[in-house]
Novice: 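Input: one structure, supplied below.
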There are 2 protein chains.
Amino acid sequence: MKKKFTNLYLENQLCFPLYAASRLTTKLYAPHLKKLDITYPQYLVLLILWEHQTQSVSEIGQQLMLESNTLTPLLKRLEQKEIIQRNRSNKDERTVIISLTKAGENLKEQAAVIPEKIMGSFRDDNISDTEVAAFEKTLLSLVKILKEKSTKNEE
Amino acid sequence: MKKKFTNLYLENQLCFPLYAASRLTTKLYAPHLKKLDITYPQYLVLLILWEHQTQSVSEIGQQLMLESNTLTPLLKRLEQKEIIQRNRSNKDERTVIISLTKAGENLKEQAAVIPEKIMGSFRDDNISDTEVAAFEKTLLSLVKILKEKSTKNEE
DNA sequence: TAAGATTAAATCGTGTACGATGCAAATGTA
DNA sequence: TACATTTGCATCGTACACGATTTAATCTTA
């Protein structure tokens, strides 16, 4: 006899392991980020700026899938720490251009060791780089699917 | 010549796809949960209660990896909606026992269709159930690893 | 070119997360 | 049995997320 509500178990849904894995990963990064005095979402913003130097709020938003309601306060906090600058564009006064300060640039050197430290911690637990890479690959294809789904729903 | 900062790209880290996938999944569930007037973390708590009827705050916390600082306010909101009850244990006055109200029990019937709806939406996008199950499996093993890592760090 | 639509950020309100701390009940131990 | 320690929950402060709305600048188009 088939149980009626088996689907309603925590483990039997996609949502919970993602939720848990995301939070656990954030905690894995936290001690490293604390040394730079930044949070995890702030780190993600900086990853973009270290790669592109200058980006508008909405360009950052597209990459992180966040909107100004989340980004504006976050960016203001980074500005207060003097890690970034916020300037209105001359061409289009609506656009706010985010750029790194000298201090923000310098953080890149310190941050460069973080990915290696994370990978190293997996190696300590006998998880191979190959295995981690496989996780990454799986996750990226899942994100791709979910992203397509969500843009589809907006239409 | 090897680039020095390649590791610092958004896509080259485990963290971002997890963060993104988790948020996108929450959004996938949101319209269904809105009909029940509950949030995603509230839904996770209810999954536990539908399975176990009665649980202490800390028992719920163990399963969701959350502590009272997050759960207490969340549970109070569920109490206000008259979906759950909060009662001090007789045996141990420190413990707060969470139980479902009649309304909370009844929500289970409405929630039962959600997992099926989610799976169906993947099928609509030509993602097979097998594929989704594979994601789930990968994620569960990742969570297992991350969980072990985090408990290890606490010692 | 003036009125209406669109766009980019900002603002507001609600609900998590989470480190740190507080507090009372329960437990361990000399 | 006193008293220190531990445990279970609550509280506080900070920082996201995100739906909804607002504001100002830009674009469209009649």
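Order of the sequence lines fixes the chain letters, A, B, ..., with proteins taken first and strands second; residue numbering starts at 1 for each chain.
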Novice: Tell me whether A:K27 forms a cation-pi arrangement with A:Y40, defined as NZ or CZ under 6.0 Å from the six-membered ring centre and within 45 degrees of its axis.
Specialist: no
Novice: What closest approach, in Å, do A:K149 and B:S121 show between heavy atoms, and which atom pair accounts for it?
Specialist: NZ-O, 2.7 Å
Novice: Within this structure, what is the CD-to-P distance between A:Q42 and D:dA17, rounded to whole angstrom?
Specialist: 10 Å
Novice: Regarding D:dG8, can its base be found pairing with the side chain of B:D92 as donor and acceptor, where the two atoms are less than 3.5 Å apart?
Specialist: no
Novice: With a 4.5 Å limit on heavy-atom distance, are the side chains of B:L24 and B:L28 in contact?
Specialist: no
Novice: So, does B:S58 get its side chain near the phosphate of D:dC9, meaning an N or O under 4.0 Å from OP1 or OP2?
Specialist: yes
Novice: To the nearest angstrom, how far is B:L64 atom CG from C:dT16 atom P?
Specialist: 12 Å
Novice: Of the listed nucleotides (C:dG15, D:dA10, D:dG8), which one gets closest to any side-chain atom of B:T95?
Specialist: D:dG8
Novice: Give one of base, sugar-phosphate or nothing for A:T70, where a contact means two heavy atoms less than 4.0 Å apart.
Specialist: base
Novice: Is there a side-chain polar atom (N or O) of B:R23 under 4.0 Å from OP1 or OP2 of C:dT16?
Specialist: no
Novice: Does A:K81 have a side-chain nitrogen or oxygen under 4.0 Å from the phosphate oxygens OP1 or OP2 of D:dA15?
Specialist: no
Novice: Please check the phosphate of C:dA17 (OP1 and OP2 only) for any side-chain N or O of A:Y19 closer than 4.0 Å.
Specialist: yes
Novice: Select one nucleotide: of C:dA9, C:dC18, C:dA20, the one nearest the side-chain heavy atoms of A:V57.
Specialist: C:dA9
Novice: Send over the distance from A:Y43 OH to D:dA15 C1', rounded to a whole Å.
Specialist: 19 Å
Novice: Rounding to a whole Å, what distance do you find between A:I60:CD1 and C:dA8:P?
Specialist: 14 Å
Novice: Quiz question: going by heavy-atom distance under 3.5 Å, is there a donor-acceptor pair between the base of C:dA10 and the side chain of A:S68?
Specialist: yes
Novice: Does the side chain of B:R77 get closer than 4.0 angstrom to OP1 or OP2 of C:dT14 through an N or O atom?
Specialist: no
Novice: Which is more 5' along DNA chain D, the nucleotide nearest A:Y40 or the one nearest A:R94? Just name the residue.
Specialist: A:Y40
Novice: Take the protein atom CG of A:L71 and the nucleotide atom P of C:dT7, then report the distance between them rounded to whole Å.
Specialist: 19 Å
Novice: If the cut-off is 4.0 Å, is B:K76 near the phosphate of C:dT16, judged by side-chain N/O to OP1 or OP2?
Specialist: no
Novice: Is the count of non-hydrogen atoms from other residues, nucleotides or ligands lying under 6.0 Å from B:E131 atom CD greater than 12?
Specialist: yes
Novice: Whole-Å distance between C:dA10 C1' and A:R86 CZ?
Specialist: 9 Å
Novice: Whole angstroms only, please: what is the NZ-C1' distance between B:K34 and C:dT14?
Specialist: 13 Å
Novice: Could you state the CG-P distance from B:L66 to C:dG15, rounded to the nearest angstrom?
Specialist: 17 Å
Novice: How long is the gap from CG on A:L71 to CD1 on A:I60, to the nearest 0.5 Å?
Specialist: 6.5 Å
Novice: Heavy-atom nearest nucleotide on DNA chain D for B:A30 versus A:L74: which residue maps closer to 5'?
Specialist: A:L74
Novice: Taking the basic N atoms (NZ, or NE/NH1/NH2) and the acidic carboxylate oxygens, is any pair closer than 4.0 Å for A:E116 and A:R123?
Specialist: yes
Novice: How is A:E67 classified with respect to the nucleic acid when contacts are heavy atoms under 4.0 Å: base, sugar-phosphate, or nothing?
Specialist: nothing
Novice: Let me spell it out: for each of B:N69 and B:N90, pick the nucleotide of DNA chain C with the closest heavy atom. Which residue's pick is nearer the 5' end?
Specialist: B:N69
Novice: Please state whether the phosphate of D:dT26, meaning OP1 or OP2, lies under 4.0 angstrom from any side-chain nitrogen or oxygen of A:R88.
Specialist: no
Novice: Output the single nucleotide from C:dA9, C:dA8, C:dA17 whose closest atom is nearest the side chain of A:S56.
Specialist: C:dA9
